[in-house]
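Take a look at the structure below.
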Number of protein chains: 2
Amino acid sequence: MENVTIRMLAERLQLSTATISKALSNSHEISEETKQRVLALARELNYVPNPYASSLRKKASHTIAVVIPEVADSFFAEAINGIESVAQEKGYHVLIYLTHENSGKERGILKDFQSGRVDGVLISVTTETASAPHGLDQLVKEIPIVFFDRVCEDVIAAKITTDDAAAAYKATSHLVAGGCRQIGLLAASPHLSISNRRAEGFLQALAAHGLPQNKAAVTYCSNDHATTKQLLKKIFREQQYDGIIATTEKLATAVYEVCEEMNLRIPQDLQVIGFSNLSTARFLNPSLTTISQPAFDMGKAAATLLFKALKNNSFALSEQQQVIPSALIVRKSTIAT
Amino acid sequence: MENVTIRMLAERLQLSTATISKALSNSHEISEETKQRVLALARELNYVPNPYASSLRKKASHTIAVVIPEVADSFFAEAINGIESVAQEKGYHVLIYLTHENSGKERGILKDFQSGRVDGVLISVTTETASAPHGLDQLVKEIPIVFFDRVCEDVIAAKITTDDAAAAYKATSHLVAGGCRQIGLLAASPHLSISNRRAEGFLQALAAHGLPQNKAAVTYCSNDHATTKQLLKKIFREQQYDGIIATTEKLATAVYEVCEEMNLRIPQDLQVIGFSNLSTARFLNPSLTTISQPAFDMGKAAATLLFKALKNNSFALSEQQQVIPSALIVRKSTIAT
DNA sequence: TTTATTTACTTAACCGATTAAGTAACATAG
DNA sequence: CTATGTTACTTAATCGGTTAAGTAAATAAA
């Protein structure tokens, strides 16, 4: 059986395709009786409209893109949940693109969006994405876009972030209160705004507590797990850290791994705080003190903002900024006071 | 600036749109010189073809759908990774749909696929999806579809699974070897094939080791976390379990939570094995013995199968079945012998 | 030299829905 | 009894590519 089209409905009912189309969209131009007849036949023949015909004509795809570095990370997974909850409610479809921290891949993905494939974009950039990036400024003018978490500070666009600096400040203060005097911060990339904001809050806190801000305090790690572990072993050997702040989930677990391998006891030898949304944080050995980001809410907020812009053309999307606070959840990888 | 279309290129070069289209697709009908001129102008004007115009005409969207219960689960996250790796390589786009274990939602999502929105579907069904489900048999005939992990056994279709029964058998034997005599299995749903296959392997192992297969051995839990915890507390109080097999990741962490709250020591009071891909399993307190599923490979295999069917129309997709083995990884939540 | 074939295009239909513009029939207002 | 609206449609263009069928000119074969 061929696909049921509006034309088939039209022929069966001896009406024009225009009438069918209008009847299906409940236009006031069509009589109630005709609408019912159309609806009934549509249901009977199991008519499903072709979304691409509609997209082509209306220049709207009812689809958004989510561009993220990876999915196997509880922050991004939860963010997708938040995004999807809004998208599903609004009847939008969600395309997922993974950049795997590769900015070249990211560029290719973004370039495709000039085709009109999606009505809007939600993005968290790669660790490689430079602050003044590849045509992102360009794309921002062509299509509604909302950055979340990993934003490009130099690009004028809507941004949903968490209070990175404040959270890092809080984490640092907590370590200091727990007796740490030699604290290190592990960051993903010097290009990443969140890394920089977290480092900023960290250094401010060190200063506020009268601790020296030596160069070794901030370490940029690799996207490669093995390389990162090597690096961690090296700095743990060289520096006498008594506290570590891991600014990503992967780094936090890497610290646990390395500590195990180096026989460093947490928290006795090294106190650890991780920026993480791991649901298992409380069951780790020892349970992990975390800065927990509102991942679901950030995704939801980003999507909500995007849909507001899609509905209301005059909405000044690029001026929107929202900061949703993270929470310090104290557990046993740090020494509470 | 208006969007650049094939027509604009045609006008500038004093050629027909047909020529442009063919030149861009590197048709042999077009001279090398013309191709070069077209390519050059296309690049200059930053021409990006409209995917929906193409989809409409070619009746192919170069898009696949992934329908899963949730993303915030390491199995599904890794499976997406596997799927995406293949899709990206083939230049396909990936739509994600979350059913949140709601079969009504699932039905709605699947119904939409009759529209031609996607060229193929990868699905892991909800816990509610009955064995003879809502038009799934129908859809299978209309569109290439591959089930992975949570399959519908009654539907004739391509399926990628893991060796659920064997893995459960192995897990059970491991517990028996560790001294367990009263083992319980926690499953997500009596409708779910994976639950049933795991229960099957479990019961077989009990029989093989001369342990009674009392009714209380298999417990079906809820999708709601709080409800599940209540249930676990109840059965842990009533039954004298010394071993538990949690057949989903969420159930495994629920067991940890409940044990903590009931002051049950793992593994002294209760040995625990979880079907889980948690990267943090080894850092849990105690580290969790797992049946680790090849999530990435399953996603990859499912996608590979789907693309094979999309490329080769005569490929007998629905006859394809692959079983990829899971591994028992022994850690400290069980007592090794 | 005539016919057949190849090359490099063009024309126009098409995919399936949407919508501006047009129209016939009837109702209401002035 | 016209003029004006309103109702309920239809016609035809359109979105932006793709492709079957056609054609003119050049080349090869007979």
Side-chain angles (χ1 to χ4, degrees), chain A residues 1-39 41-42 45-63 91 93 112-119 142, chain B residues 1-39 41-42 45-63 91 112-119:
Chain A
M1 189 176 66
E2 274 306 288
N3 247 333
V4 182
T5 68
I6 233 173
R7 174 171 294 124
M8 289 171 65
L9 300 182
E11 275 165 19
R12 298 254 193 147
L13 294 174
Q14 293 296 330
L15 290 167
S16 72
T17 60
T19 303
I20 306 295
S21 175
K22 287 172 182 168
L24 290 171
S25 59
N26 200 22
S27 160
H28 64 92
E29 290 180 57
I30 307 299
S31 72
E32 204 49 50
E33 193 211 321
T34 304
K35 280 182 192 168
Q36 290 311 320
R37 288 207 302 144
V38 172
L39 263 305
L41 186 65
L45 299 185
N46 191 30
Y47 166 74
V48 185
N50 182 314
Y52 298 134
S54 170
S55 292
L56 179 57
R57 180 64 223 247
K58 300 215 276 192
K59 289 176 178 277
S61 61
H62 259 234
T63 303
H93 300 260
D112 174 69
F113 296 158
Q114 299 184 322
S115 68
R117 187 185 299 280
V118 295
D119 297 342
E142 294 178 7
Chain B
M1 188 177 67
E2 273 305 289
N3 247 333
V4 183
T5 68
I6 234 175
R7 175 171 292 125
M8 291 171 64
L9 300 181
E11 275 165 18
R12 297 254 193 149
L13 294 175
Q14 293 296 329
L15 290 167
S16 72
T17 60
T19 304
I20 306 294
S21 175
K22 287 172 183 169
L24 290 172
S25 60
N26 201 23
S27 161
H28 65 93
E29 288 180 58
I30 307 299
S31 72
E32 204 50 49
E33 193 212 323
T34 303
K35 280 182 192 169
Q36 290 312 319
R37 289 207 302 143
V38 172
L39 263 305
L41 186 65
L45 299 186
N46 191 30
Y47 167 74
V48 184
N50 182 315
Y52 298 135
S54 169
S55 291
L56 180 57
R57 180 65 222 247
K58 300 215 277 193
K59 288 173 179 280
S61 62
H62 259 233
T63 303
D112 174 70
F113 296 159
Q114 300 185 321
S115 69
R117 185 185 300 279
V118 295
D119 297 341

- Task: Rounded off to whole Å, could you give me the CZ-to-P distance for the A/Arg7 and D/dT11 pair?
- Result: 13 Å
- Message: Tell me the interatomic distance from B/Glu29, atom CD, to C/dT5, atom P, rounded to whole angstroms.
- Response: 18 Å
- Task: Write down the distance between NZ (B/Lys22) and P (C/dT11), rounded to a whole number of angstrom.
- Result: 12 Å
- Message: I'd like to know if the side chain of A/Ser115 pairs up with that of B/Asn50 as donor and acceptor (distance under 3.5 Å, no hydrogens or angles considered).
- Response: no
- B/Lys58 side chain near C/dC14 phosphate (N/O to OP1/OP2, under 4.0 Å): no
- Please state how far atom CD in B/Glu33 lies from atom P in C/dT7, giving the value in whole angstrom units. 17 Å
- Item | Gap between atoms CD1 and C1', on B/Ile30 and C/dT10 respectively (whole Å) | 10 Å
- With sugar-phosphate meaning primed atoms plus P, OP1 and OP2, does B/Thr34 contact a base, only sugar-phosphate, or nothing at under 4.0 Å between heavy atoms? sugar-phosphate
- Item | B/Arg57 vs B/Gln14, nearer the 5' end of DNA chain C by closest nucleotide | B/Gln14
- Query: Looking only at side-chain N and O atoms, does B/Ser31 come under 4.0 Å of OP1 or OP2 in C/dC9?
  - Reply: yes
- Task: Taking all heavy atoms of B/Leu9 and all of B/Ile20, pick out the closest pair and write down the distance.
- Result: CD1-CG2, 3.9 Å
- Task: Give the intermediate values and the outcome of side chain to side chain contact (heavy atoms under 4.5 Å, CB included) for residues B/Thr63 and B/Asp119.
- Result: CA-CA 6 Å; B/Thr63 303; B/Asp119 297 341; 5.8 Å; no
- Message: OP1 or OP2 of C/dT18 versus the side-chain N and O atoms of B/Tyr52: is any pair under 4.0 Å?
- Response: no
- Message: Base, sugar-phosphate or nothing for B/Thr19? Non-hydrogen atoms, less than 4.0 Å.
- Response: base
- Item | Residue-phosphate contact under 4.0 Å: A/Ser21 side-chain N/O, C/dA17 OP1/OP2 | no
- Task: Check the distance between C/dG16's P and A/Met8's CE and give it to me in whole angstrom.
- Result: 10 Å
- Any A/Thr5 side-chain N or O less than 4.0 Å from OP1/OP2 of C/dC15: no
- By nearest-nucleotide position on DNA chain C, the 5'-leaning member of B/Leu56 and B/Ala18 is B/Ala18
- Rounded to whole Å, CG of A/Asn3 lies from P of C/dG16 at a distance of 7 Å
- Which heavy-atom pair separates A/Leu24 from A/Ala42 by the least distance, and what is that distance? CD2-CB, 4.3 Å
- Message: Using whole Å, what does the distance between atom P of nucleotide C/dG16 and atom CG of B/Asn50 come to?
- Response: 16 Å
- Using a 4.5 Å cut-off on heavy atoms from C-beta on, say whether the side chain of A/Leu41 contacts that of A/Leu13. yes
- Query: With sugar-phosphate meaning primed atoms plus P, OP1 and OP2, does A/Ser16 contact a base, only sugar-phosphate, or nothing at under 4.0 Å between heavy atoms?
  - Reply: base
- Message: The side chain of A/Ile6 is closest to which nucleotide in this list: D/dG17, C/dT18, C/dC9?
- Response: C/dT18
- Message: So A/Leu15, base contact, sugar-phosphate only, or nothing? Heavy-atom distance under 4.0 Å.
- Response: sugar-phosphate
- In terms of heavy-atom contacts, A/Tyr52 and B/Leu56 come closest through CB-N, 4.5 Å
- Report yes if a side-chain nitrogen or oxygen of A/Lys59 is closer than 4.0 Å to either non-bridging phosphate oxygen (OP1 or OP2) of D/dG16; otherwise report no. yes
